[in-house]
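Everything numeric in this text was worked out from a predicted model, so none of it was measured.
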Amino acid sequence: RQVAYAELDGTQAVLEIGGGIGNLTALLAERSRELVVVEKDRRFAPLLAQVQQRFGHVRLVWADALTAPLPAVDAVVANLPYGTALPLTFRLLEQRFGRAVLLYQMRLARRLAAQVGEPHYGRLSVAVGRLATVELLEAVPPTAFCPEPEVESCLVLLRRTRPRFSVPDEGFFRQVLEGLFRRRTAPLAAALESLET
């Protein structure tokens, strides 16, 4: 279902972050024109090499997706490591792509997708929502994994869009957001003044 949500028809260039044992990789390879797999754990090399042997258009990049150059692609499909899912998301939003189907911890997925006035709405909702639309696709229970995690997961669809508004500097913008939402009950002027100190 994760691959189906990506709406691949064999003509797209696809990026997968974290190929792991290669089961998702093989499904993506069957439905893509080009597949780039970024994986940093070389323990998976024998399994991913088998997928690469079956599909000539699979390129393996042994690197950390947080620091390695990422290719421009049509789609991204990945089960993001929960510990680095947020910085990876911001890295992806710096790239060009049409659709990204990503697996997140449910708690983070709700924060990314929250709209104004909803309980989970915060700085992440604003920062990601400026660059993409976010849609919660379906919950994934712990029983779908081995070993089972202690949290519920969620498949999320990101559609990269033109920025809804411009900012002078991405880092400064995120810093302002963090400061504003840290004092979300304060008057705006007071919250902004606190950023200067």
Side-chain angles (χ1 to χ4, degrees), residues 1-109 112 128 131-132 134-160:
R1 294 201 301 273
Q2 186 172 6
V3 176
Y5 284 127
E7 298 184 358
L8 304 178
D9 61 10
T11 65
Q12 294 96 342
V14 179
L15 170 66
E16 180 188 13
I17 295 174
I21 62 174
N23 50 3
L24 178 59
T25 308
L27 294 173
L28 293 172
E30 291 173 354
R31 295 164 178 82
S32 60
R33 171 181 52 82
E34 175 188 3
L35 176 61
V36 179
V37 182
V38 180
E39 173 60 71
K40 71 175 185 178
D41 191 341
R42 287 194 174 266
R43 290 178 298 176
F44 297 120
L47 295 168
L48 291 174
Q50 291 176 17
V51 177
Q52 192 175 37
Q53 288 171 0
R54 286 176 51 206
F55 302 96
H57 61 283
V58 174
R59 179 162 58 98
L60 300 177
V61 177
W62 296 102
D64 186 340
L66 282 172
T67 55
L70 300 178
V73 293
D74 302 303
V76 182
V77 182
N79 298 328
L80 297 177
Y82 289 163
T84 55
L86 190 55
L88 282 171
T89 299
F90 283 113
R91 280 234 54 212
L92 286 173
L93 290 173
E94 296 170 0
Q95 312 300 313
R96 182 187 67 80
F97 66 86
R99 299 168 69 84
V101 179
L102 307 170
L103 185 73
Y104 290 99
Q105 188 173 336
M106 178 63 84
R107 185 175 62 182
L108 177 57
L112 295 176
V128 173
L131 302 171
V134 183
E135 179 184 347
L136 303 184
L137 296 171
E138 65 175 271
V140 182
T143 53
F145 300 90
C146 184
E148 293 184 17
E150 296 181 0
V151 296
E152 191 174 26
S153 304
C154 185
L155 283 175
V156 173
L157 173 63
L158 293 184
R159 290 187 187 92
R160 185 78 166 82

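- Pairing each heavy atom of Trp62 with each of Ala45, the nearest pair is CH2-CA, 3.5 Å.
- Rounding to the nearest 0.5 Å gives a distance of 12.5 Å between CZ of Arg43 and CG of Leu48.
- Minimum heavy-atom separation, Ala49 to Leu60: N-CD1, 4.3 Å.
- Closest of all the heavy-atom pairs between Glu152 and Ala139 is OE2-CB, 3.5 Å.
- No side-chain donor-acceptor contact under 3.5 Å links Arg159 to the backbone of Glu135.
- To the nearest 0.5 Å, the span separating CD on Glu138 from CG on Leu103 amounts to 10.0 Å.
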Q: Could you give me the CA-CA distance, side-chain angles and deciding distance for Arg33 and Asp74, then say whether side-chain contact (heavy atoms from CB on, under 4.5 Å) is met?
A: CA-CA 10 Å; Arg33 171 181 52 82; Asp74 302 303; 3.8 Å; yes
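- Looking only at distances, a side-chain donor or acceptor of Arg31 sits under 3.5 Å from a matching main-chain atom of Leu27.
- Side-chain N or O atoms of Glu39 include one that pairs as donor or acceptor with a backbone N or O of Gly19 at under 3.5 Å.
- In this structure, Arg107 places its CZ atom where only 12 or fewer heavy-atom neighbours from other residues, nucleotides or ligands lie under 6.0 Å away.
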Q: Start with the C-alpha distance between Arg99 and Leu157, add both sets of side-chain angles, then the distance that settles side-chain contact (heavy atoms from CB on, under 4.5 Å), and finish with yes or no.
A: CA-CA 7 Å; Arg99 299 168 69 84; Leu157 173 63; 3.5 Å; yes
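- In this structure, Gln50 CD and Phe44 CZ are separated by 13.5 Å, a value rounded to the nearest 0.5 Å.
- You'll find the side chain of Leu92 stays beyond 4.5 Å of the side chain of Leu158, heavy atoms only.
- Here the closest non-hydrogen pair linking Leu137 and Val156 is CD1-C, 3.9 Å.
- Between the side chain of Gln12 and the backbone N or O of Glu7 there is at least one donor-acceptor pair closer than 3.5 Å.
- Rounded to the nearest 0.5 angstrom, Leu108 CG and Ser153 OG are separated by 11.0 Å.
- Here the straight-line distance linking atom OG1 of Thr84 with atom CZ of Arg91 works out to 11.5 Å at 0.5 Å rounding.
- Contact detail for Leu86 and Leu112: the closest heavy-atom pair is CD1-CD2, 4.3 Å.
- You'll find the side chain of Leu88 reaches within 4.5 Å of the side chain of Pro81, heavy atoms only.
- The closest donor-acceptor contact from the side chain of Arg160 to the backbone of Leu93 lies under 3.5 Å.
- Rounding to the nearest 0.5 angstrom, the gap separating the CG atom in Leu131 from the CD atom in Glu94 is 9.5 Å.
- Heavy-atom minimum distance, Leu47 versus Ile21: CB-O, 3.6 Å.
- In this structure, Gln52 contributes its side chain and Arg59 its backbone to no donor-acceptor pair below 3.5 Å.
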Q) After noting the C-alpha distance and the side-chain angles of Ser32 and Phe55, does the key distance pass the side-chain contact (heavy atoms from CB on, under 4.5 Å) rule? A) CA-CA 10 Å; Ser32 60; Phe55 302 96; over 6 Å; no
Q. When you look at Val73 and Val14, which way does the side-chain contact (heavy atoms from CB on, under 4.5 Å) test go after all the steps?
A. CA-CA 6 Å; Val73 293; Val14 179; 5.9 Å; no
